[in-house]
Each structure stands twice: as structure tokens, then as C-alpha cells.
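Here is the structure we will look at.
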Amino acid sequence: MKERNPPGSGLRIRGEFFRSDPVTCARGLIGAEIHWKGCGGVIVETEAYSVRDDPACHTFSRPSSRAFVAGHPPGTAYVYLNYGVHWLLNFLVKGGEEDGFVLIRALEPTRGLAAMRRRRGVEARKKLCSGPGKLTQAFGIDRAQHGYDFTKGDSLRLVLGGAIPRVATGPRIGISKAVDLPWRFVLAGSDCLSAPL
DNA sequence: GATGCGATTCAC
DNA sequence: TGAATCGCATCA
């Protein structure tokens with residue numbers, strides 16, 4: 001495989017990036033890279049969750065989630081346990097037109113494949129990070145990262161020099177409320193998605 | 001495609 | 001104390 005985009009390359013994503021609104025951030029993160037614990041991956045699937053008028057957002061029914069929004073800067077990781085089994089990674093969006101979260105749903109692995117395979121217990125590259133619970137397991141992300149400000153490090157980067165990612169949009173999946181909002185974003189043609197769009 | 005798994009938060 | 005929950009792996 002061709003070596004590309006080592007850690008530290010590309011444009012660092014700063015806090016201002018997360019000071020707009022969840023939909024803008026979710027779309028804008030497609031094609032960006034996450035580097036963490038020696039592993040790297042291109043974000044190929046995200047979902048937006050809005051504090052305002054979005055029953056599927058944690059803040060809608062969870063006071064602790066609203067307190068988290070109030071008490072942390074934009075770009076902070078919001079990590080929670082789903083179904084008692086899987087850690088899910090979100091980034092806090094606040095201070096702009098609309099507050100909310102971006103859920104990272106799938107990555108295309110680029111670095112640290114051996115460590116990912118070790119943590120995941122599977123070999124196929126396409127299956128290492130093709131789901132929100134899979135990617136946190138592959139990257140070793142859990143409650144220890146809840147509240148960590150990812151814009152303070154080199155972990156989030158926009159890749160320069162490549163083709164502008166073609167982003168497709170569809171309804172969010174895995175939820176029971178507000179299912180009609182087209183707030184799921186994917187890198188068109190990626191074979192590492194959690195499900196077809 | 002159906003089913004078992006099982007932590008955390010919040011409401012009752 | 002109980003209900004609900006923003007998946008995944010393992011079956012068939």
C-alpha cells in the first residue's frame with residue numbers, strides 16, 4: 001500500500017472549525033483525518049446532532065449532556081457507551097449558529113493497521129473501522145477520551161492537495177426519532193461505510 | 001435477517 | 001427499581 005498523509009501533514013483543525021453548526025461540521029469533516037495512538041484514518045461517514053429541535057440528540061433528554069455542552073469548548077470529544085457495549089465518538093459543536101454534536105460513524109484506515117487488527121480481532125481492512133463502535137475499538141478510544149479537546153493536539157487534520165471529497169447525504173441510521181432529517185454524510189464510493197447510503 | 005449481549009442515565 | 005438506548009458478532 002502507498003504511504004500517504006503521515007501524522008502532522010495537512011492542515012490542523014482548530015477550535016474555530018467547530019464554532020458553526022453541526023450539519024456544517026459533519027459535512028466538513030468528511031475526508032479529514034484522525035490520528036490517535038499511532039493509528040490514522042480518513043473520516044468517511046458522520047452524522048449531525050443538534051441541540052435545538054432534534055429529539056435524537058442526547059441533550060434532548062439528558063441533563064448531563066446539556067451540562068457537558070455548557071462546560072466544554074468546541075471540538076471537545078463527547079464519548080459515551082452505547083447498548084452497554086460500544087464507545088461512540090462525537091465532537092462538540094458550539095458557539096456558532098447552532099450547538100450540537102458530530103458523530104464519527106466510519107473511517108478508512110490509513111495507519112497503524114496492525115494495532116487496529118490486534119484490538120479488533122479481525123483482518124479485513126474494510127471491517128476495521130466501518131461502524132461507530134468498531135472505530136473506537138480499533139483506535140483504543142473509550143471513556144478516557146471523554147472531555148478531551150482534540151483541537152489542542154495534532155489529532156484532527158484536513159488533508160491538502162487531494163481531490164475535494166464528494167459527499168453524499170442521507171437520513172441518519174440507528175435512531176428512532178427525527179428519522180427524516182438528512183443529516184448523515186458519507187464519502188461517496190467509500191467501501192468502509194457502516195451501511196450503504 | 002434474527003437474536004443475544006449488557007453499562008449508563010434518567011424517570012418512576 | 002425499571003425502562004430505554006445514536007451496534008456488533010454470531011448464528012441461521
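Just so it is clear, the structure is predicted and the values come from calculations on it, not from any experiment. Naming: A, B, ... by sequence-line order, numbering from 1 per chain.
Along DNA chain C, the nucleotide closest to A:Lys177 and the one closest to A:Val122 are compared, and the more 5′ of them pairs with A:Lys177. Along DNA chain B, the nucleotide nearest A:Arg62 and the nucleotide nearest A:His86 are compared for position; the residue whose nucleotide lies closer to the 5' end is A:His86.
Note on A:Ser61: only backbone sugar-phosphate atoms sit closer than 4.0 angstrom, heavy atoms only; bases stay farther off. The residue A:Arg105 sits close only to the backbone: its heavy atoms come under 4.0 Å of sugar-phosphate atoms, none of a base. Across all strands shown, A:Phe101 has no heavy atoms under 4.0 Å from either base or sugar-phosphate atoms.
Straight-line distance from the CZ atom of A:Arg184 to the C1' atom of C:dC6: 12 Å, rounded to whole Å. One interatomic measurement links the two molecules: CD1 of A:Ile104 to C1' of C:dG7, which rounds to 17 Å at whole-angstrom precision. In this structure, A:Ile173 atom CD1 and C:dT5 atom C1' are separated by 16 Å, rounded to whole Å. When the P atom of C:dG7 is taken as reference, atom CG of A:Asn90 falls 11 Å away, rounded to whole Å. Spacing between atom CG of A:Leu88 and atom P of C:dC8 amounts to 7 Å, rounded to whole angstrom units. Atom CD in A:Glu45 sits roughly 12 Å away from atom C1' in C:dC6 (whole-Å rounding).
Cation-pi geometry between A:Arg62 and A:Phe68 is not met at under 6.0 angstrom from the ring centre and within 45 degrees of the axis.
Residues from residues 70-83 of chain A with heavy atoms under 4.0 angstrom of DNA chain B, sorted by number: A:Leu81, A:Tyr83. Of the residues in residues 132-143 of chain A, those with a non-hydrogen atom less than 4.0 angstrom from any atom of DNA chain C are A:Pro132, A:Gly133, A:Lys134.
Donor-acceptor pairing under 3.5 Å is recorded for the side chains of A:Glu45 and A:Ser194.
Dense packing is recorded around NZ of A:Lys37, with more than 12 heavy atoms of other residues, nucleotides or ligands lying under 6.0 Å away.
With hydrogens and angles disregarded, a donor-acceptor distance shorter than 3.5 Å links the side chain of A:Arg12 to the backbone of A:Thr151.
Here the straight-line distance linking atom CG of A:Asp142 with atom CG of A:Leu81 works out to 10.0 Å at 0.5 Å rounding.
The aromatic rings of A:Phe91 and A:Phe150 sit perpendicular to each other, their planes meeting at more than 60°, with 30° as the lower class boundary.
Under the Watson-Crick and G-U wobble criteria, each requiring two contacts below 3.5 Å, nucleotide C:dC6 is left unpaired.
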